Every structure is written in structure tokens, then in C-alpha cells.
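Below is one structure, written out as C-alpha cells; the observations come after it.
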2 protein chains.
Amino acid sequence: MARAIPTTPRKSATQKRSQAMVETLLDATARVLTREGYDRASTNRIAATAGVSVGSLYQYFPNKEALVAALVARHNRQMLELLRDALKEVASFDLATAIGELVRAAVDAHLVDSALHRIFAEQVPRLGQLAKIDALQQETFLMVRAYLEERRAEISVPDLDSATAICVTAVEALTHEFVINRPEALDGDRDRFIGEVTRLIVGYLRPADGATPRVAAPRRRARTGGL
Amino acid sequence: MARAIPTTPRKSATQKRSQAMVETLLDATARVLTREGYDRASTNRIAATAGVSVGSLYQYFPNKEALVAALVARHNRQMLELLRDALKEVASFDLATAIGELVRAAVDAHLVDSALHRIFAEQVPRLGQLAKIDALQQETFLMVRAYLEERRAEISVPDLDSATAICVTAVEALTHEFVINRPEALDGDRDRFIGEVTRLIVGYLRPADGATPRVAAPRRRARTGGL
DNA sequence: AGACAATGCGAGTCATAGCTCGCAAATTTA
DNA sequence: TAAATTTGCGAGCTATGACTCGCATTGTCT
């Protein structure tokens with residue numbers, strides 16, 4: 001007798017296995033990428049490193065691009081998570097303190113796996129799905145914009161869109177440059193870097209009294225523990 | 001009688017021909033790169049586009065990397081030229097005006113061949129000689145640092161090295177982002193962008209009296225060295 | 001247990017790209 | 001003009017890497 005169609009959704013046990021294999025493959029991809037670079041990261045090598053056959057790899061990812069794109073997505077998710085958390089914590093701080101913590105979060109985000117991050121930035125071609133490497137900033141933009149909107153009163157910049165773009169781009173670039181290419185400058189001194197960048201941004205968003213005629217009259221400098 | 005060694009330096013006519021061929025090859029490389037992207041830019045295709053044989057190509061460039069590296073060098077030279085000129089013109093201006101003109105020069109530099117610039121940024125892997133893609137900033141750093149040193153009196157930042165790095169990185173990233181990824185934001189409005197960025201930088205270098213926001217820096221460690 | 005589906009395997013296929021090498025054309029020297 | 005040398009050519013060699021496909025193993029259901 002013909003049984004019910006066996007093409008039924010997979011068992012949860014199997015689903016867990018699949019999930020595990022995907023994770024294993026992504027981990028292997030990350031390892032091979034950081035150790036060998038993008039050019040030498042062939043799908044064969046990745047599969048071998050994962051202790052899996054190429055065939056299996058192609059059961060879970062249709063092509064190499066999809067594999068790398070999935071890794072990029074995972075990495076970006078991890079970085080964004082830190083920023084999201086920071087934005088939550090910072091919601092009620094005054095602007096300067098908040099920006100400081102956000103910059104700190106940006107640094108932490110770049111330290112999540114800086115070696116891998118460098119490979120993404122320097123070697124992975126931004127084509128097709130991989131164009132999403134920069135899309136990190138897309139999401140970041142929206143989150144930061146929402147925050148700045150909340151703090152609108154403390155900001156003396158007319159166009160919030162441009163302002164957000166400028167701040168996000170500047171902080172991202174500076175954090176990237178110092179974490180990836182000048183790590184020695186941060187060694188014992190991370191706070192100094194954070195302070196400088198914070199000053200750059202806060203000075204831009206809320207220019208000093210007198211520079212912008214009587215817009216920001218009351219300067220309430222709530223102390224750090226403002227929560 | 002044995003003649004003088006024929007391995008004598010080439011004739012000037014021939015040298016011109018060689019020079020011309022090199023230029024032709026670089027032009028073809030640029031065209032293929034922007035039209036097809038880095039992956040599809042095979043040496044065969046480049047040679048064909050140049051109206052030259054692959055063999056000839058390899059007489060002038062030992063490998064593909066060298067070819068692309070030469071193109072990158074040429075492009076960077078063109079961009080740097082604009083900045084150098086701007087720095088000369090600006091030597092006697094006051095800080096704010098000077099920075100404005102320098103930012104304008106940065107925008108112009110990115111417009112030299114923005115399509116090619118994008119390919120370099122997004123697709124050409126930074127490996128071996130090609131690592132020099134970012135080296136543009138190296139030279140820029142020195143030139144800008146020298147200028148800031150001249151204007152030391154107008155600048156209230158302690159460490160000039162950090163300050164230069166921050167300014168150069170920020171301006172480069174912002175210019176790049178807006179020219180390459182948000183050109184519509186500059187269309188009729190280039191001056192507005194330039195003004196914003198200038199304000200960002202000038203406000204950082206020469207913060208208004210009393211407006212220096214207190215930077216919230218928990219666990220701040222006193223230290224002297226550069227960032 | 002037995003049968004059938006799902007998952008895993010990896011040697012092998014196919015395509016492409018970097019690069020070479022022997023010959024031809026052009027240019028120079030005497 | 002004839003020999004010598006440089007420059008240009010492009011078919012083809014070699015290596016490599018993305019991806020496939022038929023078989024083996026594992027797992028599930030009755």
C-alpha cells in the first residue's frame with residue numbers, strides 16, 4: 001500500500017542536523033577565509049576543513065557566493081546586535097554620553113572578528129549578493145536616524161538624513177581604519193580614540209554656542225550616570 | 001670585428017612606442033575593468049581590447065597583478081595631483097576656507113574616474129602590490145600633516161598625528177560614500193555637502209571656546225602616545 | 001526486519017584564465 | 001641589400017576551481 005507522501009517536512013532531529021551542518025560550514029568558511037584569503041578559499045578546501053564533502057556543501061548552498069554571503073550576513077548580524085544593544089542602553093543618556101557609548105559599541109563591533117572583517121573589506125568582491133557587505137550601514141543608518149530623531153532638540157543640524165549619513169559613515173570609517181589598520185593605536189588607549197571621535201561627532205551635531213546663534217541656549221550637561 | 005654589444009639602450013623612437021603601448025594597455029585595462037568588472041577582466045580580453053596580443057602584454061607587465069597595480073598607481077597619481085594643487089593654493093587661507101577648498105579637491109579627485117574608482121574599491125582584492133590601493137591615504141596623510149603643522153596655531157588638538165589621521169580618514173570616507181554611492185545627493189548641491197564636511201572637520205580641529213563637550217570616557221587611562 | 005526515503009560522499013567533468021614559446025614582421029646595422 | 005636583433009604575435013599548455021552525479025550510508029516507518 002502506498003504510504004503518505006514521504007516528502008513530508010523533515011523531522012526536528014534532522015532539522016537540527018542540517019542547522020548544525022550549516023553552522024559548521026560557515027565556521028569552516030570563516031577559518032579558511034582568514035587563514036588562506038579569499039582566492040585560496042576554494043569550496044573544496046572549505047568542505048575539507050569542515051570535515052564534510054563538497055557534495056554536502058552544495059546541498060546547503062547553491063554556490064560559493066551564497067556560502068560567503070551567508071557568512072557575511074551572520075557576521076553583520078553579530079555586529080549589528082552590539083549596536084542595537086548600545087542604542088537601547090543609551091536611550092535616555094544625554095547626547096555626548098550617548099554618542100560616546102555608541103562609538104564604543106562600534107569599536108566593539110569591529111573587534112568581534114576583526115581578521116574576518118578585514119578579509120571582507122579587502123578581498124571579497126562586492127558583487128551580486130555580496131554587495132550586501134556594505135548593507136550593514138543601511139540598517140545602521142535607520143537605527144541611528146531613529147535615535148537622532150528622538151534627540152532632535154539637542155541637535156542643531158537642519159537635515160537629519162544627511163546628518164545621519166555623515167555621522168554613520170564617519171564613525172564606521174574611523175572605527176574600521178583604527179581597528180583594522182592601526183590597532184596599535186588602540187592598545188592601551190581605546191578611550192582616547194573614542195573620546196576624539198565622540199568630540200568630532202558631537203561637535204558636528206551640536207555646534208558650540210555662538211557658532212550657531214542662540215539655537216542651543218541651555219547647556220545641560222547631565223553627568224554620565226544619567227540613566 | 002665584433003661590434004659593440006647590441007644590447008644597447010633602446011632608441012628614443014622605440015621608447016616612445018613602448019611608452020605608448022603601456023598607456024594603451026592601461027587605458028584598455030581601465031575600460032575592461034569598468035565595463036566588465038574585475039572577474040571578467042582577463043588578460044586576453046584586455047589585450048584584445050587594446051588591439052594588442054597577450055604576448056605583447058606580458059612583455060611589458062610580468063603578470064596581471066602588475067598590470068592592475070600600474071593602473072591603480074596612475075589613477076592615484078591623478079587624484080593626488082588635485083590634492084597637491086589645492087594644498088598649494090590654500091597655503092595662505094584661513095583654516096575654515098582652506099579646509100573647504102581641500103574638501104572640494106577631495107570631491108574633484110573622486111570624480112576623476114569614479115566608475116573606475118568604484119571597481120578598485122569594490123572588486124579589486126587588496127593583495128600583494130594591490131595593497132597599495134589604500135596607500136593613497138599614506139601620501140595624503142603626509143601632505144595634510146605638513147599643512148596642519150603650518151597652521152598649528154589655529155588648531156587646538158594635542159596630537160597632530162591622530163588629528164591628521166582622523167581628518168583624512170573621515171574626509172576620504174565621506175567623499176567616497178557620497179560620490180560613489182549617493183551621487184544624487186551631490187547633484188545640484190555639491191556645496192552643501194562640502195559645507196557640512198568642512199564644518200565637521202573645522203569644528204573638530206578648532207572647537208569653539210567653551211563648547212568642548214565633556215567626553216564621557218569611563219575608565220579613562222592617562223597616556224601620552226599617539227592614538 | 002524490510003523497504004524506502006533522505007542525506008552524505010568524492011572522484012571526475014567542464015570551463016576558464018594566466019601565462020609561454022616558437023615563429024613572423026619590422027627595424028637597425030654595416 | 002643582407003645579416004642581426006628587437007618587437008609583436010596568438011594558438012595552445014597547464015593549472016585550478018566551481019560544480020555534478022551516481023553510489024553508499026544512515027535513518028524512518030510499518
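Chain A is the first sequence line, chain B the second, and so forth, proteins listed ahead of strands; every chain is numbered from 1. Basis for what follows: all heavy atoms, side chains included, without hydrogens, waters or symmetry-related copies. None of the values given here were measured: they were computed from a predicted structure.
The side chain of A:Val54 approaches D:dT20 more closely than any other nucleotide in the set C:dA17, D:dT20, C:dT20. Side-chain proximity of A:Asn44 to D:dA18, D:dT20, D:dG8: nearest is D:dA18. The side chain of B:Tyr58 has C:dG18 as its nearest neighbour among C:dC9, D:dT20, C:dG18.
Heavy atoms only, all atoms of each residue included: B:Leu67 and B:Leu57 are closest at CD2-CD1, 4.1 Å.
Paired with A:Val32 under the rule side chain to side chain contact (heavy atoms under 4.5 Å, CB included), one option of A:Ile119, A:Asp27, A:Thr49, A:Thr43 passes, and it is A:Thr49. Checked options B:Thr34, B:Asn181, B:Asp113; the residue passing with B:Arg118 is B:Asn181 (criterion: side-chain hydrogen bond (donor to acceptor under 3.5 Å, both in side chains)).
In this structure, A:Leu57 atom CG and D:dT20 atom P are separated by 12 Å, rounded to whole Å. For the pair B:Leu67 CG and C:dA17 C1', the interatomic distance rounds to 14 Å; values are reported in whole Å. One can place CD of A:Gln59 at 16 Å from P of D:dT25, the figure rounded to the nearest angstrom. Rounded to whole Å, atom C1' of D:dT16 lies 11 Å from atom NZ of A:Lys64. The interatomic distance linking A:Ile46 (CD1) with D:dA18 (P) rounds to 8 Å, in whole Å. Straight-line distance from the CZ atom of A:Arg45 to the C1' atom of C:dG10: 17 Å, rounded to whole Å.
Across all strands shown, B:Asn63 has heavy atoms under 4.0 Å from sugar-phosphate atoms exclusively, and none from any base.
Applying the 4.0 Å criterion to OP1 and OP2 of C:dC9, one finds that A:Ser56 has a side-chain N or O inside that range. Regarding contacts with the backbone of D:dG8, a side-chain N or O of B:Tyr60 is found under 4.0 angstrom from either OP1 or OP2.
Using a cutoff of 4.0 Å between basic side-chain nitrogens and carboxylate oxygens, A:Glu81 and A:Arg77 are not scored as salt-bridged.
Cation-pi contact between A:Lys88 and A:Tyr147: absent, since separation from the ring centre below 6.0 Å together with deviation from the ring axis within 45° is not met.
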Start with the C-alpha distance between A:Glu122 and A:Tyr38, add both sets of side-chain angles, then the distance that settles side chain to side chain donor-acceptor pair (under 3.5 Å), and finish with yes or no.
CA-CA 9 Å; A:Glu122 296 181 350; A:Tyr38 183 80; over 6 Å; no

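Contacts between residues 26-43 of chain B and DNA chain C, defined by a heavy-atom separation under 4.0 Å, are made by B:Ser42, B:Thr43.
Under the 30°/60° scheme for interplanar angles, the aromatic rings of B:His117 and B:His176 are found to be tilted.
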